[in-house]
Structures are given as structure tokens and as C-alpha cells.
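Below you'll find the structure, written out as C-alpha cells, and then a few comments.
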Amino acid sequence: MNEKNSLLAEFEGVVSGHRDGHGFVVRDDGQADIYLPPNEMRAVLHRDRVKARIVRLDRKGRPEGRVTEIIERSEAPIIGRLLQESGVWLVAPEDKRYGQDVLIPKGATGSAKPGQVVVVELTEPPALYGQPVGRVKEVLGEIDDPGMEIEIAVRKYGVPLEFSDAAMAQARALPDHVRPADHKHRVDLRDVPLVTIDGEDARDFDDAVYCEPAKVGRGKGWRLLVAIADVSHYVQTGSSIDVDAYDRATSVYFPRRVIPMLPEKLSNGLCSLNPGVERLCMVCDMLINAKGEIHAYQFYPAVMFSHARFTYTEVAAILQNTRGPEAQGRKVLVPYLLNLHDVYRALLAARQVRGAVDFETTETQIVCDESGRIEKIVPRTRNDAHKLIEEAMLAANVCSADFIGQSKHVGLFRVHEGPTPEKQETLRNYLKAMGVPHTLSDNPHPSEFQQIAQATKDRPESQQIHTMLLRSMSQAIYTPMNEGHFGLAFEAYTHFTSPIRRYPDLLVHRVIKAILNKQRYQLPALPTPGEAHAKLSKRLASRSKVPVDQPVKKPSVDVLAWQAAGLHCSANERRADEASRDVEAWLKCKYMREHLGEEFSGVVSSVTSFGLFVTLDAMYVEGLVHITELGGEYFRFDEARQELRGERTGMRYALGTRVQVQVSRVDLDGRRIDFRLVTGEDELLLRAMRDKTGASGPAGDGGESHARGGKGRRNRQDDERGSKNKGAAKGGASAPIDLKASVQRAADKNAARGGARAPAGKSRKSRR
């Protein structure tokens, strides 16, 4: 299609608003998003479905559009705070992507009071010359009420909060324990010392493990049992509980609260492998040789009895000291834990031979008090107990994928693509710019990523390099088309081990049972998928490219149904992640409001054209240092090196740069934390000397802070599609700082404290 025709053509898509007033149309056909200027956003709202056309291209060739028709208004409720301004009632949406306040007529406020958080239902959509009008549908409470962040998130992202009456009635009718009749056609494993190993705060236990030495072929090896709660025995296809579980697709985890996929009677009762009680399970029984290779496996339904509920901390302590107090209290089970540790080391060796990617990243845990306020944010440490369970689960998942694939049955695989050609090229340029001697081949294998990670682990900028390796990866999805798992270096992989909290695992259990019974599992009629997985659907279609000389084979109705189920589960997994991140961001903002004006050390965790994101060392909280806070200097964004470089001084800020920052602003509604760089007096003096002599300093180690400029703070631009380096747009540098005055102020401040001013020749502190 030529340029003229493309400007005349109309297309459909979903509006994605931006907090700065503009928006985008996310096209159904997968083409580039279309920019909508603020005037085009007056008559539409975030998540509306529209028809639009391109009216012009900007100087960089990017399309700008105009809405020609509103096809469907979003039915999603709007959550916000009820305000009264000059006698007019309105609700300011909590999600700033909506861009417009909602007018509330006097009789439509219900019992809500000013300042309270409410849920609004629109009665009149926005127009070019009129704001949207609505009524208060639900009052959530005061903004500082405990748990308010979760109440907002579940409604904001459409997470189902209540189970249907039919599902709850069905759950109540279930037995309280395993009945003798349930033992029929099951292997009795009650005498096998299976144990669960989970975190201290775990409430549901869906996997248990056992290991013993065994002869594998002509050599030594192990027999590893992974027993998973048999949810499919109690949740029948198409039942009320099943419909609710499919709608949720996953449990959603928040600090101090879980929105479960299944009613509590199942998730914490009948389907939880609690210690000391009989439970029904599905077992993956494997023989693993000394090289960590799976020699043979079989699946079967069983009845089990968990002999202990271990925590990761406890198991790690036992493995470290088999004569310590933890081991003394578990003497009978210690030999089995040692067997598990042995098979883990063999599986780990196989993982390394396979070349699976394994980056060490820091995960954090928010610790709250009884009122829901953050007490502290601590890193989660992964010990051998975590890794032991992880490898056992990976082995069971691989066997499940192989079993389904060998049987030629349709099912859901967990597919992880390799990096796209664009991401590969970006990564190659970055590695070259950083002087890394390794690069990627045209069709890279996971082992190449692992080799780069190993080769750079001792470099000062290792964290920076590993972050870029990780960011080049794609997100995994559920699909009936097996295309392997790139990160884990598996030809086939699926999810079998968590049917209590993931619907795809429940489907895998049903398929395995059907194969064992020489039957074929048929998916029920699933609800028509909505907009949630539109992008995933386009991504899936773009991957399934057929050569032009080959006829396109239309997928069967069965495959299409599984594809829809996979897209639904993938989209709801994203929804759960977004809701969890939203709550964590809220809590971190509330936490940092108590630290306004305080200074912290941190590391640059992301670099963009509009500034630096810095993660604090002590708190693991991320905030933005806007480019206007970097001082009287014009900074250019170097995408290859992922850094901002000052044109005059050569000063650099890159991933991994250490900085000292001050908490300058916290926006709870926008989930934003702003920092400003803190410049030491010795650095000010050195800059004064440099300015006096006219010297332009070298880039140095890239870790020095820049003095703040006199310009006011600009609004944060945190959407890369709509963000620009403002200095670049104007074609000039920011206003220069008055270094002489700054030095004098620093000296006066230091003298007031009774300290001596540092000599001009004093070297600045080295920063990594």
C-alpha cells in the first residue's frame, strides 16, 4: 500500500491513554500504534474501541491519527477520589490514563463523602466539548484505609474478587477429607515419605517430593517422585467452580493477601498437601541418571500422606549442617533430603551442559505490619532448597510436555521465544560498545547468553550487562503450538506443578489423565475472549509465518479452542502481574512519603531519553531522576551503550552507575517517585576549577554526579513512545549553573556546620 492509500485507509483498534493527555490507538492488525494528540482524546477514553485513520506523519515518519468512529465504549468501571470544587462534584480517576475527570450530578453521589475512593459508572460518555458524566456505584473508603491499594487494583485491572454463588455452593458440598472410595484406581503412596518444601508464609502446598538412590541402566542414579495435588478430581470440566477458575486463570498475590483461583476449601483444604493427612495427587515418577538426564518416567494418580512440611530456610540449614539442631529434629527424614540434594546437583550439571540461561537477579519481599504499612523491603535469598525444588519441578514439567507431545494430543505448552531480530541487533551493538569480546550468532542458542554472563560476571559493570541480556528476552506464553522454551533450553516444556493456582496446569492434568485412560480430552465451550489478549493473539499470528510457496493450513476447531484458552491464560497472567506491581508501587510510594528530603545511595537501573531510573541500595525502591535534574548540560541518549552522555563535559550516566540521590517528590496517584541527584561539595569545587580554566573533563568512570541546573522540574515522561529529550527538541542546552554561587553556598553551609572547606585539589570519591 502506497503512502497516499495508507493515509486514507481506516483501521480498528483500542485507545490507550497517557497521563499527559495524549493517547495511542493500538491497532488490531498489529501495525505500529497511532499517536492521538490531546484534542483527539477529548471524545474518547482509555480502553474505548474505535475506528481511526492516519492524517499525517511527523518529521520522524511516525503516524498521527484521527478517530473517525467510536465502535464500543469500555464497560470497565472508573475508580477515583470524589472531590467537590466550587460546588461541583467530580471524580478524579486513579488511573491517569483516563485523562479526564468525571462529573457527578448532585443526586448521584450516593453515600460517598468528599475525599473518599469510589467506583464510578458512566452515564454519559465524553464529547468534544463536554466531560464524561457518571454516578457513584460503590464506595471503597478512605484513601489511607488498610488494604485500599488492593481494593483499587482488583477493580482497576478487572480481577474477579468474589466467587459465584453456584461455585461456593459446589465447594461447600465437597467432602472435608479423602474418602475410601477415592482410593480406587490409585497407587497407594501413603508409606512413602513425601514432604513439602515451601516458604515460611505459604498457605497452600501443591507439590511434594521424594528421592531415593536407584540403578539407572548400568549405572547409578536416582528415583525422583514429584507428587502434585489432584485438583482435576474435584474440579470437573464445565462445573461452576471450573468456570470461575477459568475466568481467573491464576491466583493473584499481593503483600498480606491472595486472591485465589479456587475457593478456600480447595486451595487451603482438600487440594493442599498439608502434613499428616491423606491427599489425592498426580505423580511424575522419574529415573534420573548420574549425568542428570531423565532416563525414564511414568505418570499415575495416587493417594499420599505428607510426612512433613519443610521451609526453605529449614532445609538449607539441614543441608549445610546435618548435625545441627534443625537436622536433629528431623532425623528420620534427613537421608531423603540428602538424596534430593544429590539429584539436584546432577540436574544442575545437566542444566549447565544444556546451556540454559540462569541470571542471578534480586527479588524483593515487602514486609508489612498489621495495618498494611511497609515496615521494610528485603531481598529474597535463593538457597539450595529453593533451587532443589525448582529443578525437581522443571524435570516434572519437561516429562509432562514430552508425554503430551508423544501422544499427539493437543494441549498447552509453555513457550518462550528467543530474542527478536531487533532485540538481537540492539544487544550486539551494546556488547560491542561495552567492549565485550563475545557476541551473538545469527540464530543464537541460550548457551551463548550464559557464556556472556559467565565471561562478564567479574567486570565492574556485570550487573549492567546482565540486565541488558535479560531485557533482550521475550515473555513466555501458553499456546498449543510447541516451539520450545528458549531460556530453559528445552525442546518442549509445559506447566504441570501448580494446578491450585494456575489454570493451564489444571488443563495439563486433565490431558494426562485422558491419555492414561486412552481417551481424548475435549475443551468445553469457552467464553469469547475479549481485548485482554488482542496483542498476544497478534504476536502468536506473527510467529506462525508460512513460506509463500506453501499453502496455509487452517487450524482445526480443536486447535483454535486451545489457542483461545492459551491466549486467555497468558493475558490473565499479565493482568495478575500488573495488579501485583500496581499494589507494590502504591505501597512503596506510601513508604517513601515518610522519607521525603532524605538522601540515599543507589544504582542506575534504567536509562531513557528523558532521564535515569535509580534503585536505592537500602530500600530496593526505584525512582526517576529527570533529565532536567542532571544540571546545566545537554545530555544525549546513546541507545547502543544505554547511557546519557553530556556533550560538553563527557559526563556519563549508564546502567550500573552509582549515584547519591534525594527523595524530592512522591505522587501516590501516579505511582511515581522522583529523585534529584545530590552533588558533594568537593565535586562542586572541581567543577568550579574546570569552569574557570575552560577545561572539559573526561568521561571518567561514568559514576560521577552532575550539579543540578537552575531550571524547574518538568513533568515526568515515563512512556517511551511519547517521551523526548526536551533539550534535543529545542536544539540547545539547558541554562548553565552558576558554579561560583554554588561553591559559595556550599562553603557557607559547611562553615555553618563548623567544618572546613575541602581544598580545590582534593580528588573526588571514586564511584563504580
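- A salt bridge between Arg671 and Asp582 is present, with a side-chain N of the basic residue lying under 4.0 Å from a carboxylate O of the acidic one.
- Because its NZ or CZ atom is both nearer than 6.0 Å to the ring centre of Phe163 and within 45° of the ring axis, Arg248 counts as a cation-pi partner of that residue.
- A 4.5 Å side-chain heavy-atom check between Thr497 and Asp206 finds every atom pair outside the cut-off.
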Worked check of side-chain hydrogen bond (donor to acceptor under 3.5 Å, both in side chains) between Thr313 and Glu200:
CA-CA 8 Å; Thr313 307; Glu200 280 80 358; 2.6 Å; yes
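- Checked by atom type, the side-chain pair His495/Tyr478 shows a donor-acceptor distance below 3.5 Å.
- Ion pair Arg574/Glu578 not flagged as a salt bridge, since none of the NZ, NE, NH1 or NH2 atoms sits closer than 4.0 Å to an Asp/Glu carboxylate oxygen.
- Residues meeting the ring pair (Phe, Tyr, Trp, His ring centres under 6.0 Å) test with His509, sequence neighbours left out: Phe496.
- With respect to the salt-bridge test (charged N to carboxylate O, under 4.0 angstrom), the residues Arg257 and Asp201 do not qualify.
- Distance CZ/Arg73 to CG/Leu45: 6.0 Å, rounded to 0.5 Å.
- Side-chain atoms of Gln116 and Arg81, non-hydrogen and from C-beta on, never get closer than 4.5 Å to each other.
- A salt bridge links Glu94 with Lys156: the distance from a Lys NZ or Arg NE/NH1/NH2 to an Asp or Glu carboxylate oxygen falls below 4.0 Å.
- Qualifying side chain to side chain contact (heavy atoms under 4.5 Å, CB included) partners for Glu75, counting only residues two or more places apart in sequence or in other chains: none.
- Contact check on Arg155 versus Glu138 returns a salt bridge, with a Lys/Arg side-chain nitrogen under 4.0 Å from an Asp/Glu carboxylate oxygen.
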Run Asp505 and Ser498 through side-chain hydrogen bond (donor to acceptor under 3.5 Å, both in side chains) and show every step you take.
CA-CA 6 Å; Asp505 303 54; Ser498 296; 4.5 Å; no
Could you check Ile512 against Ser400 for side-chain contact (heavy atoms from CB on, under 4.5 Å), going step by step and ending with a plain yes or no?
CA-CA 8 Å; Ile512 289 174; Ser400 304; 4.1 Å; yes
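- In this structure, CD1 on Ile500 lies 8.5 Å from CG on Leu266, to the nearest 0.5 angstrom.
- Taking CZ from Arg414 and CG from Leu488, the interatomic distance works out to 10.0 Å, rounded to the nearest 0.5 Å.
- Proximity of Ile143 to Asp145: side-chain heavy atoms (C-beta onward) are nowhere separated by under 4.5 Å.
- Across all their heavy atoms, Asp33 and Val26 have their closest contact at OD1-CA, 3.7 Å.
- Legend: residues meeting side chain to side chain contact (heavy atoms under 4.5 Å, CB included) with Gln522, ordered by chain and number and at least two apart, are Asp558.
- For the pair Phe11/Ile34, a side-chain contact is recorded, criterion being any heavy-atom separation below 4.5 Å from C-beta on.
- In this structure the side chain of Pro105 never reaches within 4.5 angstrom of the side chain of Trp89, judged on heavy atoms.
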Run the side-chain contact (heavy atoms from CB on, under 4.5 Å) test on Ile78 and Leu122 for me, step by step, so that the C-alpha distance in whole Å, both residues' side-chain angles and the decisive distance to 0.1 Å come before the verdict.
CA-CA 8 Å; Ile78 296 176; Leu122 290 186; 4.1 Å; yes
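- Classified by interplanar angle (parallel below 30°, tilted 30° to 60°, perpendicular above 60°), the ring pair His595/Tyr591 is perpendicular.
- Side-chain contact between Val243 and Ile241: absent, with no pair of heavy atoms (C-beta onward) separated by less than 4.5 Å.
- At a cut-off of 3.5 Å, with distance as the only test, a side-chain donor of Ser605 or Glu622 sits close to an acceptor on the other residue.
- Side-chain polar atoms of Asp244 and Ser164 form a donor-acceptor pair below 3.5 angstrom.
- To the nearest 0.5 angstrom, Thr615 atom OG1 is 10.5 Å from Tyr620 atom OH.
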Evaluate Leu624 against Ile673 for side-chain contact (heavy atoms from CB on, under 4.5 Å), listing each step before the verdict.
CA-CA 6 Å; Leu624 175 74; Ile673 301 169; over 6 Å; no
Stepwise, does the side-chain hydrogen bond (donor to acceptor under 3.5 Å, both in side chains) test hold for Asp242 with Tyr503?
CA-CA 9 Å; Asp242 189 43; Tyr503 197 82; 2.7 Å; yes
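- In terms of the ring pair (Phe, Tyr, Trp, His ring centres under 6.0 Å) criterion, Phe413 has no residue partners (sequence neighbours excluded).
- Checked for salt-bridge contact, Arg49 and Asp28 meet the test: a charged N lies under 4.0 Å from a carboxylate O.
- Using a cutoff of 4.0 Å between basic side-chain nitrogens and carboxylate oxygens, Lys590 and Asp144 are scored as salt-bridged.
- The neighbour count for Arg593 CZ, taken as heavy atoms of other residues, nucleotides or ligands under 6.0 Å away, is above 12.
- When ring centroids are compared, His485 and Phe490 stay outside the 6.0 Å threshold.
- Residues Lys51 and Val67 are not in side-chain contact: their nearest non-hydrogen atoms beyond the backbone lie 4.5 Å or more apart.
- Phe205 is linked by a ring pair (Phe, Tyr, Trp, His ring centres under 6.0 Å) to nothing, counting only residues two or more places apart in sequence or in another chain.
- Ion pairing between Arg19 and Asp95 fails under the 4.0 Å rule for side-chain N and carboxylate O.
- You'll find the side chain of Val25 stays beyond 4.5 Å of the side chain of Tyr35, heavy atoms only.
- Inspection of the Arg510 and Tyr521 side chains reveals an N or O donor paired with an N or O acceptor under 3.5 Å.
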CA sep, side-chain torsions, deciding dist, call: Glu72, Arg47, salt bridge (charged side-chain N to carboxylate O under 4.0 Å, His left out)
CA-CA 9 Å; Glu72 183 182 3; Arg47 300 171 76 172; over 6 Å; no
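- Here the CG-NZ distance, from Leu668 to Lys588, works out to 14.5 Å after rounding to the nearest 0.5 Å.
- Listed for the Thr420 side chain is a donor-acceptor partner under 3.5 Å among the backbone atoms of Lys423.
- Applying the ring pair (Phe, Tyr, Trp, His ring centres under 6.0 Å) criterion to His233, with sequence neighbours excluded, gives no partner residue.
- The structure places SG of Cys589 at 9.5 Å from CZ of Arg672, a figure rounded to the nearest 0.5 Å.
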Checking salt bridge (charged side-chain N to carboxylate O under 4.0 Å, His left out) for the pair Lys513/Asp230: CA distance, chi angles, key distance, verdict?
CA-CA 10 Å; Lys513 277 189 174 181; Asp230 190 358; 2.9 Å; yes
Let's go through Leu507 and Leu523 carefully: what are the C-alpha distance in whole Å and the side-chain angles of both, what is the deciding distance for side-chain contact (heavy atoms from CB on, under 4.5 Å) to 0.1 Å, and is it a yes or a no?
CA-CA 9 Å; Leu507 290 176; Leu523 276 175; 3.8 Å; yes
